[in-house]
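Okay, structure first, notes after.
The structure presented is a predicted model; accordingly, all values stated were derived computationally and were not measured.
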Amino acid sequence: MMRCKSAARFLFVALGAAAFMISSIEAQNTTGPVYELRTYVCEPGKLEALNERFKDHTMRIFEKHGMKNIAYWIPTDGETAATTLIYLLEHKSREGAALSWEGFRADPEWRKVAAESQEKHGKILSKPPEAIYFTLTDYSPQVSLAESDKTYELRVYTTAKGKLDALHSRFRDHTEQLLKKHGLKTMAYWSPMDEPKSTNQLYYILETPNREASIAGWKAFLADPEWKAAHKASIENGEILSEAPLSIFMKTTDYSPK
């Protein structure tokens, strides 16, 4: 009888600990969806094969495993225009993303597609994909699907040590409104979830009618007296950025969700 009571007590404690772990995980994901930005770099001449695989198979299998396709882009400048695919997925949570990828990679249909693609095209990627997980900032608009006839600009800001909050404050209080004022529409603002990027980086994507409109919008933004005043005030205690922002202009693929 004592052994039964001890076993029951152990089971009760174990179940309680498991329930606590589950509730803790759920609590971490009550603020909204998680986004994943993935970058694929192809061997020379293999981008068309990669696009074919995504268009005909990969996107559908993603959705099958709970991953929502948001947008697919090709950079428009330099060598990356012929070798690189950048795309955005939405997951219900970080844990959900891990389970979705596990299911995707084990899916017999995907394994068949990958094997046939390898046999037909040989090695497609020149290196492993880069994946960055994000949450939306508190000042971000809700993410919408990309449009086929627009120009997109991915921008990455890296701050000096301890300056990330100052950067968020500047965007929240000034930058976002001024970008909108000058025709630079924000698709979303994201904070990386993993270190070291989570400590010093901000990612966002802008949408404009075309490249010319983007250039004109940035010119007007930088010349705006309100921006100049906000920028000056924000760096009174030292520069916020540790390096110049990274900018990648992109166009949507013909199979990106509309």
Side-chain angles (χ1 to χ4, degrees), residues 33-92 96-134 142-156 185 187-188 190 203-211 214 247-258:
V34 166
Y35 293 88
E36 182 181 6
L37 187 72
R38 294 179 68 85
T39 302
Y40 287 23
V41 179
C42 299
E43 295 285 356
K46 297 297 179 73
L47 182 58
E48 184 177 347
L50 180 65
N51 283 327
E52 177 186 292
R53 192 168 72 188
F54 269 92
K55 182 178 182 179
D56 296 341
H57 305 286
T58 312
M59 292 174 64
R60 176 177 48 79
I61 303 174
F62 279 168
E63 296 279 354
K64 174 182 174 182
H65 291 282
M67 295 185 275
K68 182 179 179 180
N69 297 290
I70 299 297
Y72 288 78
W73 296 282
I74 301 295
T76 58
D77 301 328
E79 294 180 2
T80 58
T83 61
T84 304
L85 173 68
I86 299 172
Y87 67 97
L88 183 67
L89 298 175
E90 181 182 303
H91 305 280
K92 292 181 179 179
L99 292 173
S100 292
W101 278 112
E102 183 179 339
F104 171 83
R105 292 178 178 124
D107 190 309
E109 182 184 5
W110 164 246
R111 291 190 172 192
K112 182 174 183 291
V113 166
E116 291 176 350
S117 176
Q118 173 76 18
E119 183 177 349
K120 180 179 179 181
H121 301 291
K123 184 182 178 185
I124 291 180
L125 299 186
S126 63
K127 60 181 181 180
E130 177 187 358
I132 305 173
Y133 286 93
F134 300 119
Q142 292 301 305
V143 178
S144 58
L145 298 180
E147 297 187 36
S148 59
D149 60 345
K150 303 294 185 182
T151 291
Y152 290 86
E153 183 185 7
L154 169 64
R155 294 179 67 86
V156 183
K185 178 184 175 183
M187 183 180 185
W190 292 282
Y203 282 67
Y204 67 102
I205 294 177
L206 295 175
E207 175 191 291
T208 52
N210 50 54
R211 186 67 170 268
S214 177
S247 169
I248 301 173
F249 281 92
M250 311 178 295
K251 61 181 179 181
T252 53
T253 67
D254 62 358
Y255 56 85
S256 185
K258 305 297 189 296

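The closest side-chain heavy-atom distance from W110 to T58 is below 4.5 Å. Residues H121 and E52 form a side-chain contact, since some pair of their non-hydrogen atoms from C-beta on lies under 4.5 Å apart. I248 places none of its side-chain heavy atoms less than 4.5 Å from the side chain of T84. T76 has its side chain out of reach of T151: every pair of non-hydrogen atoms, C-beta onward, lies at least 4.5 Å apart. Put simply, the side chain of V113 does not reach to within 4.5 Å of the side chain of R60, judged on heavy atoms. Proximity of I205 to W73: side-chain heavy atoms (C-beta onward) are separated by under 4.5 Å at one or more points.
Between the CG atom in L145 and the CG atom in L88 there is a gap of 10.0 Å [rounded to 0.5 Å]. Summarising the geometry, atom CD1 belonging to I86 is positioned 7.0 Å from atom OG1 belonging to T80; distances are rounded to the nearest 0.5 Å. Once rounded to the nearest 0.5 Å, the distance linking CH2 of W190 with CG of L37 reads 7.0 Å. The distance from the CG atom of D77 to the CZ atom of R211 is 4.0 Å, given to the nearest 0.5 Å. The NE2 atom of H57 sits 7.0 Å away from atom CD of E116, with the distance rounded to the nearest 0.5 Å. Between the NZ atom in K92 and the CG atom in L99 there is a gap of 11.5 Å [rounded to 0.5 Å].
Between the side chain of S100 and the backbone N or O of H65 there is at least one donor-acceptor pair closer than 3.5 Å. A side-chain donor-acceptor contact under 3.5 Å links K258 to the backbone of S256. Formation of a donor-acceptor pair under 3.5 Å by the R111 side chain with backbone atoms of R105 is found in this model. The main-chain N or O of K123 is found under 3.5 Å from a side-chain atom of K46 such that the two form a donor-acceptor pair.
Partners of K64 by salt bridge (Lys or Arg N to Asp or Glu O under 4.0 Å), not counting sequence neighbours, listed by chain and number: D107, E109. For the side chain to side chain contact (heavy atoms under 4.5 Å, CB included) test, residues two or more places apart in sequence or in another chain that qualify with S126 are V41, E43.
For the side-chain hydrogen bond (donor to acceptor under 3.5 Å, both in side chains) with Y35, the lone residue among K68, H91, E90 that qualifies is E90. Tested against Y40 for a side-chain contact (heavy atoms from CB on, under 4.5 Å), the candidates T83, I124, L50 yield a single pass: L50.
Closest heavy-atom contact between E36 and A131: OE2-CB, 3.5 Å. Closest of all the heavy-atom pairs between P257 and Y72 is CD-CD1, 4.0 Å.
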Show your reasoning for whether side-chain contact (heavy atoms from CB on, under 4.5 Å) applies to E153 and T208. CA-CA 8 Å; E153 183 185 7; T208 52; over 6 Å; no

List the steps, then state whether side chain to side chain donor-acceptor pair (under 3.5 Å) holds for N69 with Y87. CA-CA 8 Å; N69 297 290; Y87 67 97; over 6 Å; no

Using the rule given for side-chain contact (heavy atoms from CB on, under 4.5 Å), can you reason through D56 versus Y255, listing the C-alpha separation, both sets of side-chain angles and the distance that settles it, and then say yes or no? CA-CA 9 Å; D56 296 341; Y255 56 85; over 6 Å; no

How far apart are the C-alpha atoms of Y152 and L154, what are their side-chain angles, what is the distance that settles it, and do they pass the side-chain contact (heavy atoms from CB on, under 4.5 Å) test? CA-CA 7 Å; Y152 290 86; L154 169 64; over 6 Å; no

Does the side-chain contact (heavy atoms from CB on, under 4.5 Å) test come out yes or no for W101 and L89, once each step is laid out? CA-CA 11 Å; W101 278 112; L89 298 175; 3.8 Å; yes

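Other residues, nucleotides and ligands contribute only 12 or fewer heavy atoms inside 6.0 Å of the CD atom of E102. The number of heavy atoms from other shown groups lying within 6.0 Å of NZ (K150) is above 12.
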